[in-house]
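Lettering of chains follows the sequences in order, A, B, ..., and the numbering in each one begins at 1.
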Protein chains: 2
Amino acid sequence: MSKPTSPWSVAGDRVRQRELKRDAVILAAARAFRERGFHNTSLDDIAAVLHVTKPTLYYYVLNKEQMLFECFREGLNRIVRACGEARDASSSGRERLVELVCRYVEAITSDFGWCMVRAEDQDLSPAMSARIKRLKSEIDQEMRSLIRQGIADGSIGACDPKMTTFALAGALNWIAHWYRDDASLSAAQIAERFVELFVNGLAPRPDGVISGKST
Amino acid sequence: MSKPTSPWSVAGDRVRQRELKRDAVILAAARAFRERGFHNTSLDDIAAVLHVTKPTLYYYVLNKEQMLFECFREGLNRIVRACGEARDASSSGRERLVELVCRYVEAITSDFGWCMVRAEDQDLSPAMSARIKRLKSEIDQEMRSLIRQGIADGSIGACDPKMTTFALAGALNWIAHWYRDDASLSAAQIAERFVELFVNGLAPRPDGVISGKST
DNA sequence: TAGAATTTATACTGGGAAGTATAATCACAG
DNA sequence: CTGTGATTATACTTCCCAGTATAAATTCTA
């Protein structure tokens, strides 16, 4: 203690503090946006939640647009990461897809779920909007790829990968619309039922013919 | 001709003109909102499209909020109507559901599709928001009901009606997000593939076991 | 054509919120 | 305790845009 750690660690501590505070700003923004929408949220609102004033926010963030961008990115990055994990995990294409669905539901029910799917990228500058579109496209392509793999290895029946991805991603993204009002199920439970539905479909299966993975 | 129709018919003509113009205002609003989002659209923008000035809009509409409300309502009403038609048409619960899906896709790809699902009801006053919520709830309940009927009459396998509705409605609503960028398929074609996916699921079906309606 | 009703435009008000200039405070080093 | 950089607050400016007061123009009636 008397011999203090290197001045750099102290400096590093400062830097760390800044990062933590910055994260807090982004999180507060995400929650406020989810609550009231992007345009109905003033920076004063966000500042108030943090017991701070508006100029303080500008010390951590460039402007309101950047806040939205960071919220977008934080949410989408989780799914991109999940894509990576799903890619090497498990065996069959379908099992990888199921894995991804579970992670997806977790992400979408998080604080950043709203921004991820309900915020309009029209509220971002063209440059930022393009970056978000790239992330979304990456996720889209990954899902299509898993479906194609599943078709190839026989774990998924013949289907149009693009439309199937649109349908699946739509069902998942839409969770952000109802999850707050109706949070009666956990993320895992939602994922489970979605998987059941998408794997087996609505049609009644004749007894004894179980083409899904038997649990 | 020399004996003109009753003065009321002339008056009625005026009334009719007003209605037509009012409809044009709502439609222009719907398109503008879809294009730029609600908050990024000024009334001057909408007026410009109609080759008119802002005060003219106020002659046909109470305020901006009401424009959004009418857009919401126009879109949702189509689906509510489709629910009604699906209810008496066809035979099995599943067939009725399929019917509804087809109509749903048509509505969602229309000019009002965006407002129907992507506009935030937070931008409406509590009273208007409540009316929209009621319409949405009506649709939700109808879908659940059809699924329950399907389970009862054996055309749909055992499932959780609420979650199934959430998933199906989500996939359908999400069409509003991608349909403009990727309109490579017609509404009917999209509906067809969605039905195929939701009825049969992803799992490969053993040959000879077709539980869906054989075409 | 006079006059009433309907429709539209010009030119303004007002408020809300993003962003900023400036100064005060705090933390720590020497 | 003194000065330097990091952090925060007060008090503005500025702009955009919804909504309006007022008057003009157009249409219809008689």
Side-chain angles (χ1 to χ4, degrees), chain A residues 1-25 28-29 32-33 35-70 122-125 128, chain B residues 1-25 28-29 32-33 36-71 122-125 128:
Chain A
M1 305 283 189
S2 52
K3 211 171 209 172
T5 52
S6 115
W8 271 110
S9 96
V10 171
D13 215 54
R14 272 253 171 97
V15 170
R16 180 107 196 86
Q17 288 300 316
R18 253 191 88 102
E19 280 173 5
L20 286 177
K21 288 184 180 176
R22 193 190 132 99
D23 288 350
V25 167
F33 293 160
E35 205 82 33
R36 275 164 268 179
F38 178 67
H39 289 279
N40 297 321
T41 300
S42 78
L43 295 187
D44 286 314
D45 291 336
I46 298 174
V49 170
L50 298 166
H51 304 292
V52 130
T53 58
K54 186 168 52 170
T56 301
L57 302 181
Y58 280 90
Y59 187 71
Y60 294 99
V61 147
L62 199 64
N63 51 30
K64 194 182 179 186
E65 185 206 341
Q66 205 199 12
M67 286 188 192
L68 182 61
F69 175 77
E70 295 297 342
Q122 295 161 335
D123 295 326
L124 295 174
S125 66
M128 296 294 107
Chain B
M1 303 283 188
S2 52
K3 212 174 207 171
T5 51
S6 114
W8 271 110
S9 97
V10 172
D13 215 55
R14 272 251 170 101
V15 170
R16 178 108 197 86
Q17 289 299 316
R18 254 190 87 102
E19 280 174 5
L20 287 177
K21 288 185 181 175
R22 193 189 132 99
D23 287 350
V25 168
F33 293 160
R36 276 164 267 179
F38 178 67
H39 288 280
N40 297 321
T41 300
S42 78
L43 295 186
D44 287 312
D45 293 335
I46 297 174
V49 170
L50 297 167
H51 305 292
V52 130
T53 57
K54 187 169 49 170
T56 300
L57 301 182
Y58 280 89
Y59 187 70
Y60 294 99
V61 147
L62 199 66
N63 51 31
K64 194 181 179 185
E65 185 207 342
Q66 205 199 10
M67 286 189 192
L68 182 61
F69 175 77
E70 294 298 342
C71 292
Q122 295 161 336
D123 295 326
L124 295 175
S125 66
M128 296 294 108

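- The minimum heavy-atom distance between B/A32 and B/I46, with the atom names listed, is CB-CG1, 4.1 Å.
- Atom-to-atom, CG of B/L57 to C1' of D/dC17 comes out at 13 Å; the value is rounded to the nearest Å.
- Remark: side-chain polar atoms of B/Q122 are paired, donor with acceptor, to backbone N or O of A/E35 under 3.5 angstrom.
- When rounded to the nearest whole Å, the span between OH of B/Y58 and P of C/dT10 equals 17 Å.
- A side chain to side chain contact (heavy atoms under 4.5 Å, CB included) with A/Y60 is found for exactly one of A/R18, A/Q66, A/M67, namely A/R18.
- Residues passing the ring-ring contact (aromatic ring centres under 6.0 Å, His included) test with A/F69: none are found, sequence neighbours excluded.
- Note: CZ (B/R36) to P (D/dC16) measures 15 Å, nearest angstrom.
- Regarding A/N63, its CG atom lies at a distance of 9 Å from the P atom of C/dT20, rounded to whole Å.
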Using nucleotides 23-26 of chain C, report all nitrogen or oxygen pairs with the protein that are shorter than 3.5 Å.
none

Test side-chain contact (heavy atoms from CB on, under 4.5 Å) on B/V25 and B/K21; report intermediate values, then the result. CA-CA 6 Å; B/V25 168; B/K21 288 185 181 175; 5.7 Å; no
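- Checked by atom type, the side-chain pair A/D123/B/H39 shows no donor-acceptor distance below 3.5 Å.
- Qualifying side-chain contact (heavy atoms from CB on, under 4.5 Å) partners for A/E65, counting only residues two or more places apart in sequence or in other chains: A/N63, A/L124, A/S125, A/M128.
- Contact check on A/E19 versus A/R22 returns no salt bridge, with no Lys/Arg side-chain nitrogen under 4.0 Å from an Asp/Glu carboxylate oxygen.
- For the contact set between residues 38-55 of chain A and DNA chain D, defined by any heavy atom under 4.0 Å, the members are A/V52, A/T53, A/P55.
- Sorted by first and then second residue, the side chain to side chain donor-acceptor pair (under 3.5 Å) pairs with a member in residues 41-57 of chain A read A/R36-A/D45, A/S42-A/D45; sequence neighbours excluded.
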Please enumerate all protein N or O atoms sitting under 3.5 Å from an N or O of nucleotides 4-7 of chain C, with distances to 0.1 Å.
unit_1 : atom_1 : unit_2 : atom_2 : d
C/dT7  : OP2    : B/R18  : NH1    : 3.4
C/dT7  : OP2    : B/Y59  : OH     : 2.4

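- Expressed to the nearest 0.5 Å, how far NZ of A/K64 lies from CG of A/L68 amounts to 8.5 Å.
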